[in-house]
Amino acid sequence: MNGALTLGVEEEFHLVDTTTGQLSDAGPRLAGERLTAVAPGRVDPEMLSSQIELSTPVCTELAELHSELLRLRGELVTAANEWENNLIASGTYPGSQRITVTPKARYEETMARFGVVARQQLVCGCHIHVGVDDPEDAVAVMNRVRPWLSVLLALSANSPFWRGEDTDYASYRAQLWWQWPSAGMPGLFDSYADYVASTQRLVDVGVLRDREMLYWDVRPSEHLSTVEFRVCDVDPRPEQTVMLAGLARALTERCVAERRDRVPPRLPRPELEHAARWRAARSGLSGDLVDPISARARPAEQQVRRMLDYLDAPLRAHGDDERVRGWISRLLNGSTSAAAQRSAFRKRGDLNDVLAAMTVPRGED
């Protein structure tokens with residue numbers, strides 16, 4: 001690999017009416033208005049009209065990514081406020097729900113095909129793209145990164161509330177999202193050709209409309225020369241997104257280097273992978289995490305530190321070490337957004353306080 005691996009981020013948000021506190025249907029109109037105004041970068045509608053997504057341009061430094069997130073978020077918040085909407089950065093919408101599907105044939109077909117699973121997807125994630133030119137490297141990353149995806153989920157967990165109640169999960173978004181037949185942990189693939197052939201069979205048997213509906217926690221992008229990490233909840237703090245992007249890039253570089261050095265991959269057993277993902281969604285950083293390689297439960301901080309040790313060289317090589325470790329220390333000291341949601345709710349038992357805590361500000365963080 002020559003030079004720094006590039007980065008790009010997609011963030012999904014809920015739109016909430018500032019007067020009623022209820023979900024808004026302004027997503028398609030707001031996206032249509034902002035598609036060209038935010039260039040470079042994009043704003044797009046989502047399947048549900050109460051959601052909207054921003055996409056950063058390609059970045060090479062975490063500081064650059066942070067600046068782009070602030071710019072795009074600021075422009076989107078300004079536009080949303082003009083429509084009397086707030087931008088809510090939470091993995092789930094915590095209150096009562098009324099869904100409207102964005103009028104697009106693809107979305108309407110998805111609703112018809114998947115029924116209640118599709119109707120429940122009032123969830124917002126953060127997707128991180130890391131530039132990888134060789135598709136064989138991309139498949140190698142997907143195979144090799146598996147032991148650490150649960151740690152990324154635990155670090156990002158920000159969705160404890162669903163339909164008015166505390167679910168007792170740190171990331172209930174993950175539980176909802178994993179209901180898709182093409183979500184969760186991908187299979188293992190021998191090559192990119194094997195990946196394409198295997199995933200095409202899901203389309204051929206009629207489960208998926210096309211391969212764009214591969215919603216795995218990590219996957220090669222269908223249209224970009226990237227590996228896409230899809231396991232994380234969205235967060236109101238851009239520094240959180242930047243930290244996760246730094247980790248995703250370091251994981252990608254480490255996995256590609258191991259492939260090229262012919263280091264045998266460490267592949268957990270599927271039941272332990274499942275246990276690790278469930279444990280991360282259940283308790284986030286507040287309890288144990290499962291190490292799927294050693295089949296041991298460890299305190300969350302210990303498992304996070306193990307990942308940081310594994311990524312020490314690529315984090316330092318990119319100059320990301322101080323920024324990433326500093327933010328992680330803040331999270332480990334209790335400053336997670338899942339904890340912030342619960343703290344806001346405890347004050348008055350009012351979900352409007354949770355929405356206020358997760359509202360994306362117009363200015364800098």
Side-chain angles (χ1 to χ4, degrees), residues 1 5-10 58 125-156 174 177-178 180-203 207-208 210-233 244-278 280-281 290-293 307 310-311 314-315 318:
M1 292 175 292
L5 297 179
T6 59
L7 291 168
V9 165
E10 298 161 350
V58 176
C126 170
H127 305 156
I128 302 160
H129 289 262
V130 183
V132 175
D133 292 332
D134 185 345
E136 301 298 339
D137 282 342
V139 171
V141 172
M142 187 167 58
N143 287 340
R144 290 170 178 268
V145 78
R146 312 165 79 86
W148 305 110
L149 291 176
S150 58
V151 182
L152 292 183
L153 175 58
L155 288 167
S156 72
W177 189 252
W178 290 334
W180 292 104
S182 55
M185 190 71 74
L188 291 166
F189 302 99
D190 295 331
S191 64
Y192 185 68
D194 180 34
Y195 165 77
V196 171
S198 298
T199 53
Q200 184 60 40
R201 292 188 192 107
L202 296 174
V203 179
V207 173
L208 304 184
D210 51 42
R211 292 198 6 252
E212 290 184 25
M213 295 193 72
L214 294 170
Y215 296 149
W216 288 325
D217 293 342
V218 61
R219 69 178 187 184
S221 171
E222 286 296 302
H223 303 296
L224 304 170
S225 296
T226 66
V227 174
E228 183 182 6
F229 291 77
R230 301 173 53 87
V231 72
C232 298
D233 286 3
L244 293 168
L247 289 174
R249 175 159 67 179
L251 283 165
T252 300
E253 179 155 323
R254 180 70 193 261
C255 290
V256 171
E258 288 180 352
R259 175 189 178 239
R260 296 184 180 180
D261 292 340
R262 301 183 183 277
V263 177
R266 304 178 72 195
L267 302 176
R269 290 185 58 87
E271 65 273 16
L272 287 168
E273 289 180 341
H274 183 83
R277 288 161 49 237
W278 180 84
V290 173
D291 180 348
I293 295 295
M307 183 177 71
Y310 174 71
L311 298 178
L315 285 172
H318 286 289

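Bear in mind that the values here come from a model prediction, so they are computed numbers and not experimental data.
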* Asked: Could you walk me through whether L247 and L311 pass the side chain to side chain contact (heavy atoms under 4.5 Å, CB included) check?
  -> CA-CA 8 Å; L247 289 174; L311 298 178; 4.0 Å; yes
* Please walk me through it: do W148 and L251 pass side chain to side chain contact (heavy atoms under 4.5 Å, CB included)? -> CA-CA 8 Å; W148 305 110; L251 283 165; 3.8 Å; yes
* To do: Quick one: do D217 and R230 satisfy side chain to side chain contact (heavy atoms under 4.5 Å, CB included)? Show the steps, please.
  => CA-CA 5 Å; D217 293 342; R230 301 173 53 87; 5.6 Å; no
* Intermediate values then yes/no, side chain to side chain contact (heavy atoms under 4.5 Å, CB included), V141 and T252 -> CA-CA 6 Å; V141 172; T252 300; 4.0 Å; yes
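Here the side chain of R249 pairs a donor or acceptor atom with the backbone of L5 at under 3.5 angstrom. Listed for the S156 side chain is a donor-acceptor partner under 3.5 Å among the backbone atoms of D233. The backbone N or O of E228 sits nowhere less than 3.5 Å from a side-chain atom of T226 that would complete a donor-acceptor pair.
Scanning both residues, C255 and V145, for their nearest heavy atoms gives SG-N, 3.9 Å. Residue D291 comes nearest to I293 through the heavy atom pair OD1-N, 3.0 Å, listed as atom of the first residue, atom of the second, then distance. Closest non-hydrogen pair, F189 versus N143, comes out as O-ND2, 2.8 Å. Here the closest non-hydrogen pair linking V218 and P186 is O-CG, 3.8 Å. When all heavy atoms are compared, the tightest approach of Y192 to E136 is N-OE1, 3.0 Å. The heavy-atom pair separating V9 from C126 by the smallest distance is CG1-SG, 4.1 Å.
Among residues two or more places apart in sequence or in another chain, the side-chain hydrogen bond (donor to acceptor under 3.5 Å, both in side chains) test is passed with W216 by none. D210 pairs by the side-chain contact (heavy atoms from CB on, under 4.5 Å) definition with R106, E212, M213, not counting sequence neighbours. Residues forming a side-chain contact (heavy atoms from CB on, under 4.5 Å) with A280 (at least two apart in sequence, or on another chain): S150, L153, A154, L289. Residues forming a side-chain contact (heavy atoms from CB on, under 4.5 Å) with V203 (at least two apart in sequence, or on another chain): Q200, L208, R211. Under the side-chain contact (heavy atoms from CB on, under 4.5 Å) criterion, R262 pairs with no residue at all, not counting sequence neighbours. Judged as a side-chain hydrogen bond (donor to acceptor under 3.5 Å, both in side chains), and not counting sequence neighbours, the contacts of R259 are D137.
To the nearest 0.5 Å, atoms CH2 (W178) and CE (M185) are separated by 8.5 Å. Taken from OG1 in T6 to CG in L224, the straight-line distance is 9.5 Å, to the nearest 0.5 Å.
Considering only heavy atoms from C-beta on, L214 comes within 4.5 Å of L202 through its side chain. Considering only heavy atoms from C-beta on, L155 comes within 4.5 Å of M307 through its side chain. Using a 4.5 Å heavy-atom threshold, the side chains of R146 and L188 count as touching. Two residues are said to be in side-chain contact when any heavy atoms from C-beta on lie closer than 4.5 Å; R144 and R266 fail this criterion. You'll find the side chain of F229 stays beyond 4.5 Å of the side chain of H129, heavy atoms only.
Remark: E273 does not engage R277 in a salt bridge, criterion side-chain N to carboxylate O under 4.0 Å.
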